[in-house]
Amino acid sequence: MLWFQGKSLQIAKSSFGLLRNLSASNRALPVLTLFTKAPCPLCDEAKEVLQPYKDRFILQEVDITLPENSTWYERYKFDIPVFHLNGQFLMMHRVNTSKLEKQLRKLEQQVLATN
């Protein structure tokens, strides 16, 4: 059962299934960070490979040539593309789809376990 109280939406305990559906649809997606620079043909190729997964994460691109990203430039200047998932190193040079799938599935299962 749903009802409004003031500006907030209230959910009765009897609608547990609805509560679960609402929380699952509002879950925060993991962030996949792509460390890149222009031009980067391998980065372009990697983004194409990631297309089938695009609804399972938020893609954040970091241009390592910008002054504020000099630390990343020093670390990754010879290794782009580099990917971090939720701030943790995941892979570099090419997209490893089996590794990506495994890590996304692990994060999704953690979300389901907490709901």
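Counting begins at 1 with the first residue of the sequence. Note that this is a predicted model, so its numbers are computed, not measured.
Evaluation of the salt bridge (charged side-chain N to carboxylate O under 4.0 Å, His left out) rule for Lys77 yields Glu74 as partners, not counting sequence neighbours. Qualifying side chain to side chain donor-acceptor pair (under 3.5 Å) partners for Glu101, counting only residues two or more places apart in sequence or in other chains: Arg56, Arg105. Scored by the side chain to side chain donor-acceptor pair (under 3.5 Å) test, Thr97 finds no partners at all (sequence neighbours excluded). In this view, Asn96 and Ser98 satisfy the side chain to side chain donor-acceptor pair (under 3.5 Å) rule, not counting sequence neighbours. Residues passing the side chain to side chain contact (heavy atoms under 4.5 Å, CB included) test with Ser70, sequence neighbours excluded: none. Checked against ring pair (Phe, Tyr, Trp, His ring centres under 6.0 Å), Tyr76 has the following partners two or more places apart in sequence or in another chain: Phe35, Trp72, His84. Under the rule for a side chain to side chain contact (heavy atoms under 4.5 Å, CB included), the partners of Asn86 that lie at least two apart in sequence or sit in another chain are Pro30, Val31, Leu107. Residues satisfying the side chain to side chain donor-acceptor pair (under 3.5 Å) test with Asp44, not counting sequence neighbours, are none. Partners of Arg94 under the salt bridge (charged side-chain N to carboxylate O under 4.0 Å, His left out) rule, at least two apart in sequence or in another chain, are Glu45. Partners of Lys102 by side chain to side chain contact (heavy atoms under 4.5 Å, CB included), not counting sequence neighbours: none found. Every side chain to side chain contact (heavy atoms under 4.5 Å, CB included) that Lys106 has, sequence neighbours left out, goes to Gln103, Gln110.
Annotation: side chain of Ile64 is in contact with side chain of Ile80 (closest heavy-atom distance under 4.5 Å). Between Leu50 and Leu32 the shortest side-chain heavy-atom distance falls below 4.5 Å.
Val49 and Leu90 fall within the same hydrophobic cluster, where Ile, Leu, Val, Met, Phe, Trp and Tyr residues are linked whenever their side-chain heavy atoms come under 4.5 Å apart, directly or through other members. Put simply, Val95 and Val82 are part of two different groups of oily side chains (I, L, V, M, F, W, Y) that touch within less than 4.5 Å, one to the next. Residues Phe89 and Leu100 do not share a hydrophobic cluster, clusters being chains of Ile/Leu/Val/Met/Phe/Trp/Tyr side chains in contact below 4.5 Å. Hydrophobic cluster membership differs between Leu42 and Phe83, with clusters built from Ile, Leu, Val, Met, Phe, Trp and Tyr side chains linked at under 4.5 angstrom.
Crowding of Tyr73 atom OH: a count of heavy atoms from other residues, nucleotides or ligands under 6.0 Å not exceeding 12. Residue Gln51 places its CD atom among more than 12 non-hydrogen atoms of other residues, nucleotides or ligands, all under 6.0 Å distant.
The distance from atom CG of Leu104 to atom CZ of Phe57, rounded to the nearest 0.5 Å, is 7.0 Å.
Counting only distance, with no hydrogens or angles, the side chain of Lys99 and the backbone of Met91 share no donor-acceptor pair below 3.5 Å.
Residue pairs meeting the side-chain hydrogen bond (donor to acceptor under 3.5 Å, both in side chains) criterion with at least one member in residues 28-38, sequence neighbours excluded, are Thr33-Gln60.
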Applying side chain to side chain contact (heavy atoms under 4.5 Å, CB included) to Leu59 and Glu61, what does each step give before you reach the verdict?
CA-CA 7 Å; Leu59 181 63; Glu61 294 186 39; 4.2 Å; yes

